[in-house]
Amino acid sequence: MTALTLTGLLAYYFIGLGYLTGFGSEEAMFLNQRFANKIDLRGLVLSGILIGALGVLDDLVITQASVVFELNMANPALGFAELYRRGMRIGQDHVAATINILVLAYTGAALPLLLLVSLAGERFDTFINREFVTEEVVRTLVGSLGLIAAVPLTTLLAGLVALYHHRLGRLRPHLEPVTAGGEHEHHHHH
């Protein structure tokens with residue numbers, strides 16, 4: 001939630017900084033005409049960024065927590081600092097790969113448009129300032145920053161849960177790591 005909130009705040013800031021109006025697509029223009037200015041198109045851009053980021057954050061956060069739990073189960077003697085350091089090393093690789101996927105997916109989806117602009121001979125500085133391009137740049141940058149923030153937060157929380165799950169009281173069955181057999185880990189601490 002913290003990473004998603006940060007992503008939302010960054011998106012809101014960059015939508016304002018980039019003077020995005022929400023008219024970056026034909027669909028947005030159609031919505032505006034059809035519903036006579038009743039839809040906040042800037043809010044729609046913000047919502048789209050958040051929904052897109054949520055899907056990627058969900059994948060990254062669950063995987064990162066699993067990595068930390070597995071590291072802890074593989075070597076229960078690891079202290080918090082070492083568990084965090086090892087988890088972060090894996091998380092950094094995962095973030096880099098995920099950001100590459102985002103950039104390549106957006107580029108692949110925009111390939112016909114990129115080819116059209118290239119063949120038309122439009123200058124790069126003119127092209128990059130078109131709203132539909134700026135929206136995608138903001139979407140990619142903001143989503144990437146949210147992912148980068150999610151890894152240390154998730155690693156920190158997962159490390160604390162992995163090492164101190166016996167102190168969680170009534171929340172313990174819902175938060176403690178699950179073993180390879182699908183059972184919750186039950187360590188007895190004396």
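Throughout, residue positions are numbered sequentially from 1 according to the sequence presented.
L153 and L147 fall into different hydrophobic clusters, defined by Ile, Leu, Val, Met, Phe, Trp and Tyr side-chain heavy atoms under 4.5 Å apart, directly or through other members. Using a 4.5 Å cut-off between side-chain heavy atoms of Ile, Leu, Val, Met, Phe, Trp and Tyr, with links allowed through other members, L157 and L6 fall into different hydrophobic clusters. Hydrophobic cluster membership is shared by I90 and Y84, with clusters built from Ile, Leu, Val, Met, Phe, Trp and Tyr side chains linked at under 4.5 angstrom. A continuous path of hydrophobic side-chain contacts links L145 to L17 [ILVMFWY only; heavy atoms under 4.5 Å]. One hydrophobic cluster holds both L156 and V67 under the rule that ILVMFWY side chains link at heavy-atom gaps under 4.5 Å.
A distance of 12.0 Å separates CG of L57 from CD of Q64, quoted to the nearest 0.5 Å. Rounded to the nearest 0.5 Å, atoms CG (N72) and CD (E82) are 12.5 Å apart. In this structure, E135 CD and I15 CD1 are separated by 8.0 Å, a value rounded to the nearest 0.5 Å. If you take CZ on R86 and CG on N75, they are separated by 6.0 Å, rounding to the nearest 0.5 Å. Rounding to the nearest 0.5 angstrom, the gap separating the OG atom in S144 from the CG atom in N100 is 9.0 Å. The line from OG1 of T63 to CD of E70 is 12.0 Å long, rounded to the nearest 0.5 Å.
By the 4.0 Å N-to-carboxylate-O rule, D40 lies too far from R42 to be salt-bridged with it.
With contacts defined as side-chain heavy-atom distances shorter than 4.5 Å, the pair L60/V95 qualifies. Side-chain contact between I101 and V56 is absent, with no heavy-atom pair separated by less than 4.5 Å.
Closest non-hydrogen pair, F69 versus A162, comes out as CD2-CB, 3.6 Å. The minimum heavy-atom distance linking M88 with T155 is given by the pair SD-OG1, 3.7 Å. Nearest heavy-atom pair across A65 and A158 is CA-CB, 3.8 Å. Listed here is the closest heavy atom pair of I49 and V142: CG2-CG1, 4.0 Å. The heavy-atom pair separating V68 from L83 by the smallest distance is O-CD1, 3.7 Å. In terms of heavy atoms, D59 sits closest to H94 at OD2-NE2, 3.7 Å.
Within a 6.0 Å sphere centred on CZ of F80, heavy atoms belonging to other residues, nucleotides or ligands number more than 12.
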TODO: Might you work through the side-chain contact (heavy atoms from CB on, under 4.5 Å) test for I99 and I148, ending with a clear yes or no?
DONE: CA-CA 9 Å; I99 290 172; I148 291 167; 4.2 Å; yes
